[in-house]
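Each remark here refers to the structure printed beneath this line.
Lettering of chains follows the sequences in order, A, B, ..., and the numbering in each one begins at 1.
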Protein chains: 2
Amino acid sequence: MSECKVDTALEAIVGKWKHKILFHMIKQDKIRFNELKRSIPGITQKMLTSQLRELEQHDLITRKVYAQVPPKVEYSLTEHGKSLIPILSMMSVWGEEHVKHVESLYRETDEKA
Amino acid sequence: MSECKVDTALEAIVGKWKHKILFHMIKQDKIRFNELKRSIPGITQKMLTSQLRELEQHDLITRKVYAQVPPKVEYSLTEHGKSLIPILSMMSVWGEEHVKHVESLYRETDEKA
DNA sequence: CTGTATCCTACGGGATACTG
DNA sequence: CAGTATCCCGTAGGATACAG
């Protein structure tokens with residue numbers, strides 16, 4: 001952690017929906033727009049589009065358009081995007097532990113009260 | 001990455017200054033308020049305080065107040081906070097690679113133009 | 001030295017309607 | 001199906017002043 005580039009990493013994955021999008025693309029290597037939309041409750045089309053565009057700009061995902069009617073667009077992780085998997089995985093594990101940890105803290109203070 | 005707790009992890013470390021604060025506390029295990037302020041260019045007192053409070057609420061850092069005049073307050077990582085180090089470290093490495101990667105992409109497109 | 005207290009603004013994100 | 005185009009709002013974060 002010489003000079004702190006955590007900023008850069010965070011920039012790439014922060015955004016209310018980005019990690020959820022990435023999550024689905026880790027599970028499923030090609031995924032369509034509406035498939036994503038259905039898989040992520042609460043997301044709007046606008047948000048889905050804009051977050052996808054940002055991920056694309058960071059070269060984390062690819063957008064493949066099929067010249068068809070009706071349109072078909074598939075999103076998938078780039079190789080570079082796949083390099084994020086270990087980090088996301090660690091964060092997920094840490095997140096679970098963090099929840100437990102914080103809960104146990106609350107339990108302690110409750111017991112005192 | 002069973003069910004995605006990346007959210008939780010992100011919540012804990014997202015915030016414009018949090019990872020910078022953490023970074024300094026990794027390098028230096030006890031650090032004072034003004035020391036942090038001086039080490040983090042651009043941060044305001046308000047922001048430093050509020051980010052410190054949030055980190056404290058997540059039990060990532062401890063606040064130790066010395067009963068003195070003038071006041072002295074030392075911040076340090078909790079054990080739980082230290083469990084974040086590997087993640088931050090990975091993110092930092094990835095961040096550096098990401099910068100290079102994106103730069104090389106720009107170079108390619110420049111060459112085409 | 002280590003903070004609060006205000007006030008203010010930019011922008012991430014939501015709701016809704018429209019389109020090739 | 002896979003998107004734009006608008007309009008709108010809450011809140012994270014900045015500037016500044018004051019305080020124990």
Side-chain angles (χ1 to χ4, degrees), chain A residues 4 6-25 28-58 60-77, chain B residues 4 6-25 28-58 60-77:
Chain A
C4 199
V6 176
D7 314 49
T8 320
L10 281 173
E11 271 177 34
I13 59 174
V14 163
K16 190 168 178 187
W17 309 96
K18 280 186 192 166
H19 58 277
K20 294 189 181 177
I21 293 173
L22 292 172
F23 177 61
H24 285 286
M25 291 176 45
Q28 184 178 342
D29 62 318
K30 286 173 188 293
I31 188 164
R32 300 182 58 172
F33 186 86
N34 266 7
E35 224 174 340
L36 271 170
K37 185 156 163 28
R38 265 180 274 112
S39 308
I40 304 176
I43 196 169
T44 62
Q45 294 202 349
K46 176 194 163 187
M47 271 302 111
L48 181 51
T49 319
S50 72
Q51 301 273 81
L52 285 169
R53 294 292 174 278
E54 288 178 27
L55 291 169
E56 210 187 340
Q57 281 171 28
H58 285 285
L60 298 178
I61 66 174
T62 318
R63 180 167 179 269
K64 179 164 187 185
V65 185
Y66 292 83
Q68 301 183 351
V69 177
K72 173 179 174 181
V73 179
E74 277 178 350
Y75 292 92
S76 55
L77 288 176
Chain B
C4 201
V6 176
D7 315 47
T8 319
L10 282 173
E11 271 177 36
I13 59 174
V14 164
K16 189 168 179 185
W17 309 97
K18 281 187 191 166
H19 58 278
K20 295 188 179 176
I21 294 172
L22 292 171
F23 177 62
H24 285 286
M25 292 176 44
Q28 185 178 342
D29 62 317
K30 286 173 188 295
I31 189 163
R32 299 182 58 172
F33 187 86
N34 265 8
E35 226 174 339
L36 273 170
K37 184 156 163 31
R38 265 180 275 112
S39 308
I40 305 177
I43 197 170
T44 61
Q45 295 200 350
K46 177 195 162 187
M47 270 301 111
L48 181 50
T49 321
S50 72
Q51 304 268 308
L52 285 169
R53 294 292 175 279
E54 288 178 25
L55 290 170
E56 211 188 337
Q57 281 171 27
H58 285 286
L60 299 177
I61 67 174
T62 318
R63 180 167 179 267
K64 179 163 187 185
V65 185
Y66 293 83
Q68 300 183 351
V69 178
K72 173 180 174 182
V73 178
E74 278 178 350
Y75 292 92
S76 55
L77 288 177

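When distances run from any side-chain atom of B/Lys16 to the nucleotides D/dG13, C/dG20, C/dC1, the shortest one goes to D/dG13. Across D/dA2, C/dG14, D/dT4, the shortest atom-to-atom separation from the side chain of A/Met47 is found for C/dG14. Listed nucleotides C/dA15, D/dG13, D/dC1 differ in distance to A/Thr44; the shortest reach to its side chain belongs to C/dA15.
Neither OP1 nor OP2 of D/dC1 sits under 4.0 Å from any side-chain N or O of A/Arg32. A sub-4.0 Å separation between OP1 or OP2 of D/dA2 and a side-chain N or O of A/Arg38 is absent. Under 4.0 angstrom from either OP1 or OP2 of D/dG3 there lies at least one side-chain N or O belonging to A/Tyr75. One finds no side-chain N or O of A/Arg63 lying less than 4.0 angstrom from the OP1 or OP2 phosphate oxygen of D/dA2. The phosphate of C/dC1 has neither OP1 nor OP2 within less than 4.0 Å of any side-chain N or O from B/Lys37.
Straight-line distance from the NZ atom of B/Lys46 to the C1' atom of C/dC7: 9 Å, rounded to whole Å. Note: CD (B/Glu74) to P (C/dC1) measures 15 Å, nearest angstrom. For B/Gln45 and D/dG20, the CD to C1' distance is 13 Å, given to the nearest whole Å. Between the CG atom of B/Asn34 and the C1' atom of C/dG3 there is a distance of 10 Å, rounded to whole Å. One interatomic measurement links the two molecules: NE2 of A/His19 to P of C/dG12, which rounds to 17 Å at whole-angstrom precision. Counting to the nearest Å, the P atom of C/dC1 and the CD1 atom of B/Ile31 are 14 Å from each other. Here the C1' atom of nucleotide D/dA2 and the CG atom of A/Leu48 are 9 Å apart, to the nearest Å. Separating the CD atom of B/Gln51 from the P atom of C/dT4 is a distance of 14 Å, rounded to the nearest angstrom.
Taking OG from B/Ser76 and NZ from B/Lys30, the interatomic distance works out to 5.0 Å, rounded to the nearest 0.5 Å.
Residue A/Val73 is the one, among A/Val73 and B/Trp17, whose nearest nucleotide of DNA chain D lies closer to the 5' end (criterion: closest heavy atom). Both A/Pro71 and A/Glu54 sit near DNA chain C, but only A/Glu54 has its closest nucleotide nearer the 5' end.
Shortest non-hydrogen contact noted between A/Ile43 and A/Lys37 is O-NZ, 3.7 Å.
Every residue was checked against the salt bridge (Lys or Arg N to Asp or Glu O under 4.0 Å) condition with A/Lys46, not counting sequence neighbours, and none meets it.
Considering B/Ile61, B/Leu77, B/Val73, B/Leu36 in turn, B/Leu36 is the only one that fulfils the side chain to side chain contact (heavy atoms under 4.5 Å, CB included) rule with B/Ile31.
Of the possible donor and acceptor atoms, none in the side chain of B/Glu11 sits under 3.5 Å from a partner among the backbone N and O of B/Thr8.
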